[in-house]
Each structure stands twice: as structure tokens, then as C-alpha cells.
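To keep things clear, I will list the structure first and then write my remarks on it.
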Amino acid sequence: MSILLTNARIIDPAKKTDQIGSILIKKTKIKEIIYGGNPDLGAVGDVEIIDCSGKCLAPGIIDIGVKVGEPGERHKESFASAGRAAAAGGVTTMVLRPDTEPAVDNPETLQFIHRRAIEDAGVNVLPMAALTKGRRGQEMAEIGFLQDAGAVAFTDADQVISDNKILGRCLTYAKSLGALVLGHIQEPSLSKGAVVTSGPFATKLGLSGASPMAERIQLERDMALVEMTGVKYHISQITTSVALHVLKRAKKAGLDVTAGTSIHHLTLNELDVEGYRTFFKVKPPLRHEDDRIATAEAVASGLIDIISSMHTPQDEESKRLPFDEAASGAVGLETLLPAAMQLVHAEHMDLPTLWRALSLNPAKLLGLKSGRMKKGAPADLVLFDPDRPFILDRSKLKSKSKNTPFDGRRMQGMVMRTFLAGREIYAAD
Amino acid sequence: MGLSVRHLLGIEHLSPSDITSILDLADTYVDLNRQANKHSDVLAGLTQINMFFENSTRTQASFELAGMRLGADVMNLALGASSIKKGETLVDTALTLNAMNPDLLVVRHPHSGAVELLSEKVKCAVLNAGDGRHEHPTQALLDALTIRRAKGRLHRLNVAICGDIAHSRVARSNIFLLNKMESRIRLIAPKTLLPSGIDQFGVEVFDDMNEGLKDVDVVMMLRLQRERMDGAFIPSEREYYHRWGLDAKKLANAKPDAIVMHPGPMNRGVEIDGDIADDVTRSVIQEQVEMGVAVRMAAMHLLADNIREHKQKELMA
């Protein structure tokens, strides 16, 4: 059985094109891409035809840095609920963070994740593992065994390894095994206790703020260690213009560095916290509007390579607290695409450029065949209406936790169907 | 005239006419409080609960006395130790108390925004008695009443606020209030004790105290907390006193009739010279305490009017 998706605006991030055409899916792969109005179906045979009626068809999103509550916090998010949320958001590959309870720092825990993902997730799941045992920044995790067990990258998530000697050794060892390392670039002594970005707004609310310089200082340190060790390094979230200068310099110097940012830092700013709204408490904190614009422009120019949802489920109990005490993080799998469409509607970038950051670059970073519109690539696809407006209702989210900052917000851009390896895994009502 | 707000969460939410209403009514309570019979029945039948999640002697006593003088049934809950340690969340504590049908809830909490969070979960009127480093509205109101009684007005006065502004909710509330009432505000402190972006709050900032105090009408000193004196924010107590402590020499820069204020408790010999604190011709520190009771009576009175009006409307409907 084959599927022919006709009359679609095909978004090809590699060729940077956005053209009407058809895609023929055979079994799990893209068999043919035919540009133009009416494809010749002569030799195709038994085929189900889906008329996309001019909607956009793009590679499924590869979301690096998703947190699922297994093991340890299944009441916040399970593989089943995260998988449903991903499918509804056009995310076909979740790259998991290891900051679970306990942390993913040994091959046995990683195997548990593989098993649970296969049983329940319904989308591709690629786990990352901790760089140090227990994410404590003291002893190296078994990077080699973890690699053999399928870890695609290594990171202590939001824990910064402050001891330069230990981090230097971890990076050197990772380099010798060809492992990819992800870093959180918030200098810990400046960030300690900070829940917002410092400035007049933080002062007005009486909340502890960290200077954007905390990001730059840590990035400068990490770049020095990357230069020293030659490791392949990805900045999981860069969010300030002062740090972007450092990134630019590092890339120019030829370091093996890529950078990501979160959808929340691209679409929200510090002022959204007004009224101590804890659903807007994320790590790093939301930034000034100037930084948001600079970050969006850096995605458009390609300086920032990847956009992630930084999906972090938190239950009501951990958010319904004074701002200082509330948990950080926001769910994002389902809102990543509609929120990212804001960048297109605001004319920061076109659709192929956006998909370079949502699927092509993540695939390149992790050495995946997906993420592109190419004959022979896995048929992981998302069909979406770029203009369709809706008001987000958090109670309708498929995630177990409903901690989205976009509740009640007018959004434009809706996922219509999601395909995983040629099989439809989601269709909008 | 009633207040435009249901809760007293911060000066930021008040209009100049709200502030004037509270101060005008407070003036009448100053008179009442100076009589032998201080009793009124404005709050008779209403229940006032004071919830202090942070230790306080003077603010809690002031609110308690204000409620009792107005005839409310007053209950004090010191929550610093008990419920927090039992793991009960603030919202659960609020819901529990809400079920007891209080009318006025006075809350102090160590975290900024906590009182606002609590006010969203209860039906009664909430008064902020200080939340983190955010606001302490009744302190700013009592300071305003003290100034207005001493100077006859609030507008076009030069007011200097000196000391640990970074960690002070009193300073924030005073900055909001004095701006709304069109005073001119100067902040005097070492940069380590100034919060970031404070220059955008309609204030003039001075590092040098002699310069900052030039021709001011009011000098407000802030308490320097012990834990800030350990070398992290300032090198030592004695250096701080030398540069930013209020002594006669520095005060000589101010207008000859300038008043000296302090929210208490004072560190004599750290932020203020003992002789100045006790000089009744300059210091209005004791009067501030007196105004505190009157201002809290006025604020609770006006919020109670709102409650009664609201209940009346509910009955009519």
C-alpha cells in the first residue's frame, strides 16, 4: 500500500524551497517527490490519495531536549502521553533529556527507557544520557557503554559542571569516543537563586534576577574548553545577544559547535511574568524583548541552528506556589509548531528556514536520515495549515501536565496530520 | 470615598485618590488614638486574621491593635514554624482559612508575589504586610502620613531614601507612593545595595551621601540587615557607617527643618547615629510607629466598606 499526498506546499529545508507538488510514500519511506499540479499516476499502482488542498507538508519535527517523566515522575508525563502530545504537535522524533529521577547515567536505565519508549511512545525516541554520574558534576558517566546502548548525546541538562578540570576531562574522553556533548550555559554563581532576568522589571516584582552576562560568561568558558579538547559540542539554549557574539566568534574560529534555543525564548519575553505567573517560569528565565528579537534573527541567519520545545511537564502542585518556589519549565511538544509559526507570520523567516531549525539541522547534528524532503528518507511528515487561527485551551492538551504559557493565546498555524514512517499517527478533528 | 481595589496588595495598584482617602481617614484615627477611649465599632462583627509567615513584632502588633480598636475579632497565626514545615502549600493554607470565613486577612510572607497568589484563592480582603522584597504598602502609607503631617503636603518635596534599597520592600513601596504623589525622590546607596534598573523608576541616584542629601526635606533611612554586612555587599559596618551612616555632619546638607525617618528596627551606629535617632527636633521615628496604627485602621476600614457594599449588592441580587 502506498500513499500519495497531492496538492501540497512542500517545504524542503535543504533546498530552501516551498512549492506545490506531491509526495509518494511507499511503506516507510518517501518514494517520489513530484513538483507541479497533477502527478502522473500511471505506474504507481495501488495507492491511497490524500488531497492536501494547498496546505504545507514538511519533514516531521526533531525535538532535542524533551523531558518525559519516566522514570520517576510518571504523574507528570508518561511515554504514552508525551507520544500523543508529540504526534499532535507534528514532532516525529523526541530526543530525551536525562534529567529524570534517577538520572539516565547508566546503560540499565537507558535500556528501561528504550523498552518503555517502544511499548508506549508511538513516535521515534532517541535518549540522551548524563555526562556525569547522577548529574552531580563529579565522576564521569559510562559514556562508552551508554553509547553502545544507544545514547545519542551526553548532557547534565540544567546542571552546570563548575569544576573546569572535571569538565575538561569529560570533554576529552567524549572526544575520543566521538560523542556529542550538550551544555547548559548559565554561570552557576550568578544564576543561583535567580528566577528572572535582572533589570527594572525584576526589581519592580522584587524577584531575584540573573544578568544576561551569566550566559555569556559560561559560554566563554565552555568555548575555551571546546577549543582545548576539540569535542563536538551543542549549546542547548542560547537566549541573549551578549552570548550570541561569543557564539559567532566560536563558529568563525572553526570550533565544532552548534547552538539551539527554545521556542519560549523566541516568542515570549520577561514581561509575560507580570502577576507572578509561574507558567512563564523557565530555565534560563525569559529575557528582554531586545534579546528575543536578536535570538529570532540569529535563527533566521543560521547562527542559531536548532529550535527546541524544551518540553518540561510540571503538575499544578509544583506550579501553584510563590514564584521563587515554583518549579521551572513549560510543556511545548504540542505548541512548538503553532508558536514557531509566529516567527514566519512576523516575517523573521520563511518556512524552509524555520524547518532548517526544526528538522534538518537536528537530523544533521545527530546523524539521522530523517528531517529532510528527499527520496529514500523516512516518511516522517507533518501536514499543517500555516494560517489557520485558534485559541489555545490548555485543558485540551494531550500532555498529562498542562503547564503551557500559551493558554488562552491566539495562535496561527495548526497541525492537520502527522505521519511516522509512512503511517498516519495523528489527524486533527 | 471607597477604595478602587478589593485588596491592599501594593502601592502600585492604588490611585492617588486611594492614597489620599486612606491618609485623610487615618488623620481622624490619629485623633481617636490619642483619646482615653480609643474604641470604635467600625469593624464590629468582622473577623481579622493575621498570618505571618515571617517573624515580625512591630507590624503584627500594629495590625492587631488597629483591628482591636475598630472592634474586629482578631486572631494571630504565626506560621513561620508550623505549617510550612509540615509541607502544606501556601494555597492549601489559604483555602483552609478561607473556609473559616474571615473578612480581613493580613499576610506577611518571605516570597515576593506570595500575598498576591493567596489573594486569588480567598474570598475576603487581603492586606499585604510585606512580601519578600516586593511591597510593604502600609509602611509606605504610614511614612506618607508622617511626612504629610510634618510638611503639610506630599507633592514637590525632596525625599532621600538611603541604604539597602536592593533588598527593601519598604523602599519599593515608598518609591511607588512618592512618585504617585509627585514628590522628588533621591536614592543614596553604594551600587551593591541598589537593585538593577532602579534608575528607570523616576528617581535620582547618588553614590555620595553628602551630595544626595543637599537641600532635601525628608531623609528616610533603611535598615541594613546583619547578613548583608559580612563582606558580600559592603566591606564592613564601620566603613558603611563612615560613608552612608546618617550623622549630624551629613545631615547638615539637608534643609534645616528636614525630618529624619526610619522604619525600624534601627542599627544605631551602623546606618544612623544614635543621637540623631533620638533628637526629637529632627527624628519622627516614634511618630511613624504611631501613624502605623492609624493608617492600618484606615486601610481596614475602607476595605471593610467595600466588603459590606459587596455583600449588600449580593443580597439585592
Side-chain angles (χ1 to χ4, degrees), chain A residues 187 189-216 240 242 269-281 284-291 314-328 403 407-408, chain B residues 7 9-13 53-54 84 87-95 107-121 128 130-137 165-173 175-176 179 187 189 191 193-203 205 232:
Chain A
E187 201 284 319
S189 68
L190 286 174
S191 307
K192 196 181 167 202
V195 292
V196 287
T197 302
S198 63
F201 183 70
T203 293
K204 188 185 79 135
L205 292 184
L207 293 172
S208 291
S211 163
M213 282 298 168
E215 186 167 297
R216 172 172 154 188
T240 61
V242 288
N269 69 29
E270 55 167 356
L271 302 181
D272 287 304
V273 169
E274 181 70 60
Y276 301 96
R277 293 193 291 172
T278 57
F279 280 16
F280 292 84
K281 183 177 177 183
L286 294 175
R287 303 301 191 184
H288 308 302
E289 177 64 4
D290 290 350
D291 285 319
Q314 299 288 4
D315 56 6
E316 302 289 305
E317 290 307 301
S318 37
K319 282 287 187 183
R320 216 175 48 167
L321 291 169
F323 202 86
D324 283 335
E325 294 180 314
S328 295
N403 55 309
D407 186 38
Chain B
H7 307 291
L9 297 177
I11 300 295
E12 203 200 343
H13 309 288
F53 292 90
E54 199 180 68
I84 291 183
E88 186 176 53
T89 67
L90 176 65
V91 169
D92 286 335
T93 307
L95 293 176
V107 187
R108 169 170 288 191
H109 198 281
H111 291 305
S112 303
V115 181
E116 194 168 323
L117 173 68
L118 194 143
S119 74
E120 289 161 11
K121 309 290 174 191
N128 182 359
D131 64 321
R133 48 177 87 160
H134 176 225
E135 281 230 43
H136 190 356
I165 291 150
H167 302 95
S168 174
R169 53 195 173 212
V170 174
R172 280 171 180 73
S173 288
I175 290 168
F176 289 136
N179 261 325
L187 304 181
K191 290 251 184 318
L193 295 178
L194 285 171
S196 91
I198 194 69
D199 51 325
Q200 295 175 40
F201 283 65
V203 297
V205 180

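Remember, predicted model here, so these are calculated numbers, not experimental data. Sequence lines set the chain letters: A, B, ... in the order given, protein chains first and strands last, and positions in each chain run from 1.
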Subject >> Partner set under side-chain hydrogen bond (donor to acceptor under 3.5 Å, both in side chains) for B:His111, not counting sequence neighbours >> reply: A:Asp324, A:Glu325

**OP:** Go through the atoms of B:Asp92 and report whether side chain, backbone, both or neither lie under 4.5 Å from a heavy atom of chain A.
**Re:** side chain

Subject >> Between B:Asp131, B:Leu117, B:Leu118, the one whose heavy-atom pairs under 4.5 Å with chain A are most numerous >> reply: B:Leu117

Original post:
Closest heavy-atom contact between A:Gly275 and B:Glu116?
Top reply: CA-OE2, 3.6 Å

Original post:
At their closest point, which heavy atom of A:Gly199 faces which heavy atom of B:Ser196, and how far apart are they?
Top reply: N-OG, 2.5 Å

Original post:
What residue, out of B:Leu90, B:Val91, B:Ile198, has the most heavy-atom pairs lying under 4.5 Å from chain A?
Top reply: B:Val91

Original post:
Which bit of B:Glu12 comes within less than 4.5 Å of chain A, counting heavy atoms only: side chain, backbone, both or neither?
Top reply: side chain

Original post:
Between B:Arg172 and A:Gly206, which heavy-atom pair has the shortest distance, and what is it?
Top reply: NE-CA, 3.9 Å

**OP:** Can you measure from CG (A:Leu205) to CZ (B:Arg133) and round to the nearest 0.5 angstrom?
**Re:** 12.0 Å

Original post:
For the residue pair B:Phe201 and A:Lys204, what are the closest heavy atoms and their distance?
Top reply: CZ-N, 3.7 Å

**OP:** Would you please name every residue forming a salt bridge (charged side-chain N to carboxylate O under 4.0 Å, His left out) with A:Arg287, sequence neighbours left out?
**Re:** A:Glu215

